[in-house]
There are 2 protein chains.
Amino acid sequence: MHALSISEENYLKAIFHLYTGEEGIGTNAIAHHLHTKAASVTEMVKKLAEKKLLTYEKYQGVIPTRKGFTTALAIIRKHRLWEYFLVEKLKLSWDEVHDIAEQLEHIKSDKLIEKLDRFLDFPKLDPHGDPIPDKAGKMCVTKCCCMSEIKPNSNAKITGVKNHSPAFLKHLEKMHLTIGKTIKIVERNDFDQSVQLVLNHETMHISKEIAENLLVHKIKR
Amino acid sequence: MHALSISEENYLKAIFHLYTGEEGIGTNAIAHHLHTKAASVTEMVKKLAEKKLLTYEKYQGVIPTRKGFTTALAIIRKHRLWEYFLVEKLKLSWDEVHDIAEQLEHIKSDKLIEKLDRFLDFPKLDPHGDPIPDKAGKMCVTKCCCMSEIKPNSNAKITGVKNHSPAFLKHLEKMHLTIGKTIKIVERNDFDQSVQLVLNHETMHISKEIAENLLVHKIKR
DNA sequence: AATATAATTTAGTTTAACCTAAAAAAATAT
DNA sequence: ATATTTTTTTAGGTTAAACTAAATTATATT
Ligand SMILES: [Mn+2]
Ligand SMILES: [Mn+2]
Ligand SMILES: [Mn+2]
Ligand SMILES: [Mn+2]
């Protein structure tokens, strides 16, 4: 019944993001994600297991319970709503909001989030194209495939990013490769996996690294 | 150079609020304000003295330095800007925003606060009539005397509250005794110190307790 | 001035969240 | 199947921020 600490919330979020649905998540994976050590994870994971937020058996890794899932989703909901607020209302850029949202996501007040959601008019996607869970934890699934997997000579719309680092986001901004933009993939260069595309009627080349971290949605025409 | 912890910030804020400009503030006073114990205060105060945020000499109490002052003002600025946001934008009521602002005031990002201030159009007063310090720590001084000190047969405007408890604020709301309202003090009852006044052309009586916690500004006519 | 009371500090614990180093178990390679 | 490497856990230690109880200093009362 006791409210979760910021650390507990961060562990839950990490576990949620790392869980693929298959086997349990190892303490090393969690430690790496949180920039902490495996020994610390073992301790915390025992505590979270007692609170029924996950199941844990020695050496078997960790699996979030339903309660753990919904708790993590509530935190992610807060994170993404705040990011949306920071970009759409306060006019911060999409590369500087994540760190602030990492703090804001731990503010405790159901009413606050309800009111914020309404104030923002119930947004469905955050500034990086990630879906915002609603009050019940439901979210739309729009994000699609990597741009590097798209066949040449097809059109696509940019829907999200895989890498959320400020450096990457700033770079995309400079190249005008932002969420919602429509592009045409012309061809992929076999030598370095770079991609030639057309954006705003102008031809450009982007590196393999960028193509692999851009999510797009194929469109007809 | 290291950023302050939430605890350190709360101690600084308490010290700022308790400091009258005369003698040093005792550890008991601080402990009472923060719902902690004097022994804990002694410890923390030594740490804050090392960081040059206050001066401390054994048994002599504590006095904030200039650095301590400006740091406290920056936190208060954040608190009040957030309260203004919560009431004016999110439409929370003035009795439910303080606890949320207690959390939000510790979010670290200069840019965030700058942008929030601009988004809110640089408000000068928070929902309780308290002045919001600007970026440089400057704030207007409008709050005036206690309503219980006003002479009968004079007009006044409600400018603030001394008691910030939700119970008191809710009660004021119900009585329509909110910031900005103009009233006429008719007379003070010697028996129980209650005050008779006219609000919106209607006569009403308010208890000594209310009068003592309402701040007003005398006006002509 | 001596004594009682109150305020403050010191000493020693507790808890959460981290750490390192060593031990144990599991996975992988020979 | 055995040996090596990797992963995970355990044991023991650190730090920040709280606590209680006891000792000390300051203030108030007689
Ligand atoms: Mn983010
Ligand atoms: Mn995001
Ligand atoms: Mn407040
Ligand atoms: Mn206020």
Side-chain angles (χ1 to χ4, degrees), chain A residues 1-15 18-20 22-64 68 71-72 75 102-103 105-106 108, chain B residues 1-15 18-20 22-64 68 71-72 75 102-103 105-106 108:
Chain A
M1 294 297 118
H2 199 270
L4 298 178
S5 71
I6 290 177
S7 267
E8 290 173 320
E9 291 194 341
N10 283 334
Y11 272 93
L12 264 188
K13 207 162 48 110
I15 289 161
L18 291 169
Y19 187 62
T20 59
E22 289 140 49
E23 70 245 317
I25 312 146
T27 50
N28 262 325
I30 297 167
H32 185 258
H33 195 91
L34 292 172
H35 307 289
T36 175
K37 296 294 148 73
S40 309
V41 174
T42 304
E43 263 195 313
M44 179 59 95
V45 136
K46 285 175 178 172
K47 211 190 336 165
L48 295 176
E50 292 221 326
K51 296 190 178 186
K52 309 282 184 214
L53 292 160
L54 49 81
T55 61
Y56 165 68
E57 270 181 287
K58 268 189 192 178
Y59 299 104
Q60 297 312 120
V62 132
I63 291 175
T71 308
I75 302 162
E102 284 288 305
Q103 300 178 64
E105 73 188 3
H106 302 292
K108 260 112 186 160
Chain B
M1 295 296 119
H2 197 270
L4 298 179
S5 71
I6 290 177
S7 268
E8 290 172 319
E9 292 194 340
N10 284 334
Y11 273 94
L12 264 190
K13 207 163 47 111
I15 289 162
L18 291 168
Y19 187 62
T20 60
E22 289 137 51
E23 70 245 314
I25 312 146
T27 49
N28 262 328
I30 297 166
H32 186 259
H33 194 90
L34 291 172
H35 307 288
T36 176
K37 298 293 149 72
S40 310
V41 174
T42 304
E43 263 195 314
M44 178 59 95
V45 137
K46 286 175 179 171
K47 212 191 334 169
L48 295 176
E50 292 222 325
K51 295 189 178 185
K52 309 279 183 217
L53 292 160
L54 48 83
T55 60
Y56 165 68
E57 271 180 288
K58 270 188 191 179
Y59 299 101
Q60 298 312 121
V62 133
I63 290 175
T71 308
I75 302 163
E102 285 289 304
Q103 300 178 63
E105 73 189 3
H106 302 293
K108 261 114 187 158

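Being a predicted model, the structure only gives us computed values, none of them experimental. Just so we're on the same page: letters track the sequence lines, and every chain starts at 1.
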> Considering all heavy atoms of both residues, which atom of I25(A) and which atom of I15(A) are nearest to each other, and what is their separation?
Replying inline: CD1-O, 3.4 Å

> How far does CD of E43(B) sit from NZ of K37(B), to the nearest 0.5 angstrom?
Replying inline: 14.5 Å

> In whole angstroms, how far is the P atom of dA16(D) from the CD atom of E9(B)?
Replying inline: 16 Å

>> OP1 or OP2 of dT14(C) versus the side-chain N and O atoms of K37(B): is any pair under 4.0 Å?
In response: no

>> Base, sugar-phosphate or nothing for T27(B)? Non-hydrogen atoms, less than 4.0 Å.
In response: sugar-phosphate

> Are Y11(B) and V45(B) side-chain neighbours, meaning at least one heavy-atom pair lies under 4.5 Å?
Replying inline: no

> Atom CG of N10(B) and atom P of dA18(D): how far apart are they, to the nearest Å?
Replying inline: 9 Å

> Is there a side-chain polar atom (N or O) of Y11(B) under 4.0 Å from OP1 or OP2 of dA16(D)?
Replying inline: no

>> Quick test of your reading: applying salt bridge (Lys or Arg N to Asp or Glu O under 4.0 Å), list the pairs with at least one residue in residues 1-10 of chain A, sequence neighbours left out, ordered by first then second residue.
In response: E8(A)-K47(A), E8(A)-K51(A), E9(A)-K108(A)

>> As a test of reading the structure: which of dT9(C), dA21(C), dT10(C) is closest to the side chain of K46(B), going by heavy atoms?
In response: dT10(C)

> So how far is it from L54(A) CG to I63(A) CD1, rounded to the nearest 0.5 Å?
Replying inline: 9.5 Å

> Which nucleotide, dC18(C), dT20(C), dA18(D), lies nearest any side-chain atom of E43(A)?
Replying inline: dC18(C)

>> Could you report the tightest heavy-atom contact between L34(B) and N10(B), atom names first, then the distance?
In response: CD2-O, 3.7 Å

Listed pairs, N/O of protein and of nucleotides 22-26 of chain C, under 3.5 Å:
residue, atom, partner, partner atom, Å
dA25(C), O4', Y59(A), OH, 3.4

>> For dT9(C) and T42(B) - does any side-chain N or O of the residue sit under 4.0 Å from the phosphate oxygens OP1/OP2?
In response: yes

> Which residue lies toward the 5' end of DNA chain D, A39(B) or M44(B), if each is placed at its nearest nucleotide?
Replying inline: M44(B)

> What integer distance in Å separates I30(A):CD1 from dT9(D):P?
Replying inline: 9 Å

> Just how far, in rounded Å, is P of dC19(D) from CG of L34(B)?
Replying inline: 10 Å

>> Tell me the interatomic distance from E57(B), atom CD, to dT25(D), atom C1', rounded to whole angstroms.
In response: 15 Å

> Is any side-chain nitrogen or oxygen of N28(B) closer than 4.0 Å to OP1 or OP2 of dT8(C)?
Replying inline: yes

> Between A31(A) and A38(A), what is the shortest heavy-atom contact and its length?
Replying inline: CB-N, 3.5 Å

> T36(A) near the nucleic acid: base, sugar-phosphate alone, or nothing, with a heavy-atom cut-off under 4.0 Å?
Replying inline: sugar-phosphate

>> Rounded to whole Å, please give me the gap between CD in E8(A) and P in dT15(C).
In response: 15 Å

